[in-house]
Amino acid sequence: NAGVTQTPKFRVLKTGQSMTLLCAQDMNHEYMYWYRQDPGLGLRLIHYSVGEGTTAKGEVPDGYNVSRLKKQNFLLGLESAAPSQTSVYFCASSSHQVTGELFFGEGSRLTVL
Amino acid sequence: GIQVEQSPPDLILQEGANSTLRCNFSDSVNNLQWFHQNPWGQLINLFYIPSGTKQNGRLSATTVATERYSLLYISSSQTTDSGVYFCAVDRRGNNRLAFGKGNQVVVIP
């Protein structure tokens, strides 16, 4: 099993450009999450989803949008990228909300110039 | 929100040595998880441990929820144990995990 797969792994954007990160999981998990990891700030939750068709804001949602049209996919969008969004992004999934064991993807490194 | 503090922040070990990492949290929690982030950035779930003790090979973890701390033991450390260890907790009624800043571990041969 692939587990949690993120694409792309690396991306460089110019300020103002848009892009979408795709997360796919093959474990039939209900819950999916997007985190960003920054030096000195640790892992912070951007948005999460408790099931197909649902999304909710995390700690740092501004500047991001998400969609969960299919249970296995969770998309993270940046409509107008800013240098402050330079980060490593991790997708994760769990079978039970928060109380469940969390499985992470390999991460996507995004640089905004 | 809930505060998660990990100590020590940095640790250098000689291969074969044992060590203990600590995670303190400021409120009652539903659950606690330990993760290892290897030098290539991959995050792996080590333990899902709301209370009690669990063992997985050379690693073991103990959570004392009533005293608001958890310990991760690394025995006979190997260079592959290098990386950052994160503790994460979820508070009852909350919908998210709060992560600590991590323990940076370097194991030298």
Side-chain angles (χ1 to χ4, degrees), chain A residues 1-6 8-10 23 25 27 29-51 54-61 66 68 87-111, chain B residues 1-7 9-10 21 23-52 54 56 59 61 63 65 70 72 83-104:
Chain A
N1 282 344
V4 180
T5 303
Q6 295 180 225
K9 299 288 191 293
F10 302 92
C23 177
Q25 53 94 4
M27 297 175 282
H29 284 172
E30 288 293 333
Y31 305 97
M32 297 186 74
Y33 315 83
W34 276 107
Y35 289 87
R36 61 177 290 175
Q37 186 177 32
D38 303 288
L41 297 176
L43 282 152
R44 294 180 293 169
L45 183 65
I46 304 170
H47 285 282
Y48 63 100
S49 168
V50 302
T54 75
T55 63
K57 294 181 180 180
E59 299 173 69
V60 289
V66 287
R68 183 99 181 268
S87 187
V88 180
Y89 292 86
F90 286 95
C91 178
S93 72
S94 68
S95 57
H96 298 88
Q97 185 177 24
V98 183
T99 60
E101 187 176 358
L102 205 61
F103 294 88
F104 280 94
E106 294 183 342
S108 298
R109 182 174 294 276
L110 175 65
T111 301
Chain B
I2 191 168
Q3 303 299 311
V4 183
E5 294 185 359
Q6 294 185 238
S7 60
D10 301 284
L21 310 178
C23 173
N24 292 333
F25 41 96
S26 60
D27 204 346
S28 300
V29 297
N30 260 347
N31 197 3
L32 185 143
Q33 300 184 45
W34 281 97
F35 299 87
H36 175 226
Q37 188 168 37
N38 64 26
W40 295 270
Q42 191 176 12
L43 276 159
I44 303 296
N45 194 303
L46 297 176
F47 294 103
Y48 171 83
I49 183 167
S51 63
K54 289 188 177 180
N56 184 0
L59 302 180
T63 296
S70 182
L72 179 69
V84 183
Y85 291 81
F86 291 101
C87 168
V89 302
D90 73 302
R91 197 175 68 181
R92 198 176 302 273
N94 207 343
N95 290 336
R96 61 196 67 170
L97 282 175
F99 282 80
K101 296 288 177 66
N103 308 93
Q104 173 86 53

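Naming convention: chains lettered A, B, ... in sequence-line order (proteins, then strands); numbering from 1 in each chain.
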Test side-chain hydrogen bond (donor to acceptor under 3.5 Å, both in side chains) applied to A:T54 - qualifying residues, sequence neighbours left out: A:S49

Looking at A:R109, I'd like to know if its CZ atom is crowded, meaning that more than 12 non-hydrogen atoms belonging to other residues, nucleotides or ligands lie closer than 6.0 Å. no

Rounded to the nearest 0.5 angstrom, the CZ-CG distance for A:F103 and B:L43 is 13.0 Å

Minimum heavy-atom separation for B:Q33 to A:E101, with atom names? OE1-CA, 3.7 Å

Turns out that what part of B:Q6 lies under 4.5 Å from chain A's heavy atoms comes down to neither

Distance, nearest 0.5 Å, that separates CG of B:L97 from OH of A:Y35: 4.5 Å

Give the C-alpha distance, both sets of side-chain angles, the deciding distance and a yes or no for side chain to side chain contact (heavy atoms under 4.5 Å, CB included) between B:Q37 and A:F90. CA-CA 12 Å; B:Q37 188 168 37; A:F90 286 95; 3.5 Å; yes

Chain B contact via A:E59 - which portion, at a heavy-atom distance below 4.5 Å: both

Kindly write out the residues that satisfy ring pair (Phe, Tyr, Trp, His ring centres under 6.0 Å) with A:H47, not counting sequence neighbours, or none if the list is empty. none

For A:K57, I'd like to know if atom NZ has over 12 heavy atoms of other residues, nucleotides or ligands within 6.0 Å. no

Counting heavy-atom pairs under 4.5 angstrom with chain A, the leader among B:W40, B:F47, B:F35, B:F86 is B:F35

